[in-house]
Amino acid sequence: MKRQILIFGGTTEGRKTANWLSDLKQLFYYSTKTNSHPLISEMGECLSGGMNEEEMIEFCRIQEIKLIVDAAHPFAADLHFNLHRVASELDIAIVRIEREFVERVENEHIHYLPSMDDCIESIQNKGIERVLSLVGVKNLPKIRKALPDCDIWFRILNFPDSIRIANDANVKVDRLIVSSRFENLLLEEALIKENAIQAIMTKESGYSGLLDKKMDLAIKLEIPLFIVKRPDLPEYDKIIKTRSEFQSYLDEVFGIKRLELAHGYTTGTCASISAKAALIALINQEKRAWERVDLPKGKEAIIPIHYTEFTKEYGICTVIKNSGDDPDVTDGTEIGCRISFNDTGEIRFVKGEGVGIVTKAGLEMPIGDPAVNPTPRKIIERELNQILNKYQLINGVDVSIFVPMGAKLAKKTFNPRLGIEGGISIIGTTGILKPFSAEAYVQTIKKHVRFAVENGSSQVFINSGGRSERYLKLKFPEMPQQAYIQYGNFIGDTIHAINGSGVEKVSMGIMMGKAVKLAEGHLDTHSKKVVFNKDFLIELAKEANYDPSYVNQIKEVNMARDLEGIFPFNEDEVFYKHLKSKCCQVLEKEIEDYEIELLLMNIKGEII
């Protein structure tokens with residue numbers, strides 16, 4: 001099989017695209033301007049040094065490239081248009097892998113400008129004298145030259161090349177903020193206040209660039225934030241953001257299908273790899289291309305390191321999470337760890353950007369700690385202790401796991417209702433994500449149950465999702481938030497999680513479609529595992545002594561909700577009584593020590 005896919009990467013998006021293609025067992029080339037983001041994949045061949053337009057055309061012709069994947073940085077405008085011209089000339093398909101940008105806001109302190117020149121001109125026109133530049137070191141010489149009369153503080157990354165560029169531009173040491181790419185903006189906030197800084201300059205980056213934090217800071221301090229807008233892009237065959245979109249495109253256009261479902265790694269495994277690599281980087285003051293950790297049940301994980309940064313005070317490493325074909329909101333997300341030594345002799349977990357803080361009991365983690373679950377904690381502690389012992393170090397270690405997108409992703413999880421605030425949890429019991437497995441969801445259900453009991457709920461209301469939970473809350477408004485637990489499709493796992501938990505009564509809300517599947521004996525109601533069974537419904541109607549005319553009507557039904565057109569939805573209707581009875585018979589075989597009631601509901605929110 002020839003390599004006929006060419007990725008232009010060097011970014012988070014490039015790395016996750018490589019993961020997607022590797023999971024599909026597709027060969028590809030991976031091109032970057034430098035070799036700072038080495039790719040570890042048996043399916044990928046790395047190309048470094050960059051190519052001009054003529055070299056791209058020659059390479060694509062010789063290698064018979066069929067698809068160009070533009071996963072380069074959003075501000076690499078020249079490269080984007082070069083790739084588009086190459087694709088047009090050779091009639092090659094081209095797609096853009098796009099990151100998730102911070103949503104634009106309308107606010108008197110936020111100003112979006114088309115270019116750096118416009119940003120500089122605005123500062124000149126407004127007579128601003130003190131500026132904080134957060135645009136990156138590449139623009140530093142230009143800004144310094146264009147605004148010679150401004151007092152400018154420059155935030156740059158802690159790299160030798162960055163410091164050299166600043167020195168060459170004659171920036172005074174006390175006007176340099178040399179920091180990590182992942183630092184929060186507490187230092188900058190203090191600096192703005194102390195020096196009466198009048199404006200901030202930055203680029204329209206993603207969440208990893210902390211643009212949302214910069215916007216919050218400008219609004220809070222009531223000073224203008226000038227944002228250089230990301231450049232316009234050429235027209236692509238398709239803009240892609242997710243694994244599923246990419247797989248669908250490859251299938252539709254090239255007939256590339258999944259030969260088998262791919263496994264992935266949990267956030268806990270990614271954090272463990274990052275922590276181990278960061279400690280080694282701190283001790284040895286050098287990068288590693290990849291790292292490995294031992295997982296439970298005799299497994300191991302080997303993951304490429306995406307980003308490394310180190311000084312004598314700290315080490316930072318990140319990886320790009322590969323969830324495989326498990327539908328996970330963190331797939332393709334950057335997960336990292338900042339490691340520094342402490343004098344306690346202990347390994348301490350401290351708050352990191354995008355990882356939630358535990359605020360309530362019942363979660364197997366101390367209140368006030370970052371939400372790093374027990375199994376990842378044990379793996380990280382074991383791996384770090386092994387390294388400390390190897391180098392005969394008696395230092396304690398501060399471990400700060402961070403996920404730049406974590407605060408945004410947390411809104412798509414159950415963390416807010418569990419009392420985990422400000423970000424996602426670092427989870428995983430086996431370290432490996434199996435495709436479409438219930439592991440992560442079931443672990444969350446178990447947390448919910450413990451959390452409810454610890455916070456005084458002897459009765460819980462289990463339900464399939466947002467809509468059914470909303471209906472239950474309307475009927476039982478007096479019940480506290482922690483009493484509501486969503487089971488999704490995992491009815492059996494939820495019932496088993498409640499066994500022996502201390503819960504005394506379970507009220508189970510269930511919509512018609514899942515009720516039909518449960519009544520037939522299915523404790524996992526996912527559509528990939530069980531389908532709507534008309535024959536079973538016909539048997540139910542016969543057992544309830546309905547005449548043959550009802551049986552004939554059931555044969556025409558395509559969805560469970562259509563049953564209401566045959567049997568009026570009320571608690572006196574024999575069909576629903578029989579359906580509920582069948583459901584309870586299935587449930588009672590699984591229940592150990594509590595009472596259960598079934599609340600059947602329809603799409604309108606009526607409950608019987």
Side-chain angles (χ1 to χ4, degrees), residues 180 182-184 186 265-283 291 293-296 301 303 309-310 313-319 321 330 333-389 393-407 409-410 413 415-416 418-431 440 443-444 447 450-451 454:
S180 162
F182 302 101
E183 294 285 355
N184 58 35
L186 295 179
Y265 292 110
T266 63
T267 52
T269 297
C270 293
S272 302
I273 291 279
S274 299
K276 183 177 181 180
L279 179 56
I280 292 174
L282 172 59
I283 294 171
E291 194 51 78
V293 294
D294 292 318
L295 302 176
I303 301 179
E309 181 183 329
F310 51 81
E313 288 72 41
Y314 66 82
I316 292 176
C317 285
T318 73
V319 302
K321 185 172 185 293
T330 58
T333 299
E334 190 169 15
I335 296 175
C337 182
R338 184 185 193 277
I339 292 286
S340 58
F341 290 129
N342 65 52
D343 296 327
T344 68
E346 299 178 352
I347 293 176
R348 304 185 303 194
F349 288 85
V350 297
K351 167 66 176 168
E353 181 68 34
V355 174
I357 291 294
V358 179
T359 66
K360 294 185 178 180
L363 296 173
E364 297 184 299
M365 293 171 284
I367 293 176
D369 264 25
V372 181
N373 280 22
T375 298
R377 281 180 185 243
K378 290 176 183 176
I379 294 174
I380 291 170
E381 288 169 349
R382 182 195 68 223
E383 295 287 345
L384 298 189
N385 277 321
Q386 287 177 353
I387 296 170
L388 294 172
N389 291 335
L393 296 172
I394 60 173
N395 307 67
V397 176
D398 283 342
V399 180
S400 176
I401 309 298
F402 59 86
V403 185
M405 283 283 293
L409 293 174
T413 72
N415 273 11
L418 285 172
I420 297 174
E421 298 180 357
I424 65 168
S425 299
I426 304 302
I427 63 172
T429 53
T430 65
Q443 288 302 315
T444 301
K447 285 184 192 176
R450 288 194 301 269
F451 182 72
E454 291 269 347

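Computed from heavy atoms alone, side chains included, the values below leave out hydrogens, waters and symmetry copies. Keep in mind it's a predicted model, so treat the numbers as computed, not measured.
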Could you check if a side-chain atom of S400 sits within less than 4.5 angstrom of a side-chain atom of V355, using non-hydrogen atoms only?
no
What's the shortest heavy-atom distance between P376 and I426, and which atoms?
CG-O, 3.7 Å
Roughly how far apart are T318 OG1 and I303 CD1, rounded to 0.5 Å?
11.0 Å
So does G419 get a backbone contact from the side chain of T359, meaning a donor-acceptor N/O pair under 3.5 Å?
yes
S425 and N373: side-chain donor and acceptor closer than 3.5 Å?
no
Would E383 and D294 count as a side chain to side chain contact (heavy atoms under 4.5 Å, CB included) here? Give the steps.
CA-CA 8 Å; E383 295 287 345; D294 292 318; 4.1 Å; yes
Taking all atoms of both residues into account, what is the closest heavy-atom pair of V372 and M365, and its distance?
O-SD, 3.3 Å
Applying the side chain to side chain contact (heavy atoms under 4.5 Å, CB included) test to L393, which of L388, L279, I387 qualifies?
L388
Under 3.5 Å, is there a donor-acceptor pair linking the side chains of T266 and T269?
yes
Using 0.5 Å steps for rounding, measure from the CD1 atom of I273 to the SG atom of C317.
10.5 Å
With side chains defined as the heavy atoms from C-beta onward, is the minimum distance between I424 and M405 less than 4.5 Å?
no
Considering non-hydrogen atoms only, spot the tightest contact between A301 and Y265 and give its length.
CB-CE2, 3.4 Å
Measure the CG-OG1 distance between L295 and T429 for me, rounded to the nearest 0.5 Å.
11.0 Å
How long is the straight-line distance from NZ of K360 back to CD of E454, given to the nearest 0.5 Å?
13.0 Å
Does some side-chain heavy atom of F341 sit less than 4.5 Å from a side-chain heavy atom of I283?
yes
Could you tell me whether D343 atom CG has more than 12 heavy atoms of other residues or ligands within 6.0 Å of it?
no
Gap between atom CZ of R338 and atom CD1 of I316 - 0.5 Å precision:
5.5 Å
What pair of heavy atoms forms the shortest contact from G315 to L282, and how long is it?
N-CB, 4.0 Å
Any idea which heavy atoms bring E291 and I280 closest together, and the distance?
OE1-CD1, 3.4 Å
Gap between atom OG1 of T375 and atom CD1 of I380 - 0.5 Å precision:
11.0 Å
Close side-chain approach of F349 and V399, heavy atoms under 4.5 Å
yes
For the residue pair V403 and T267, establish whether any side-chain heavy-atom pair is separated by less than 4.5 Å.
no
Minimum-distance pair of heavy atoms, taken over all atoms of R348 and T344:
NH1-CG2, 3.4 Å
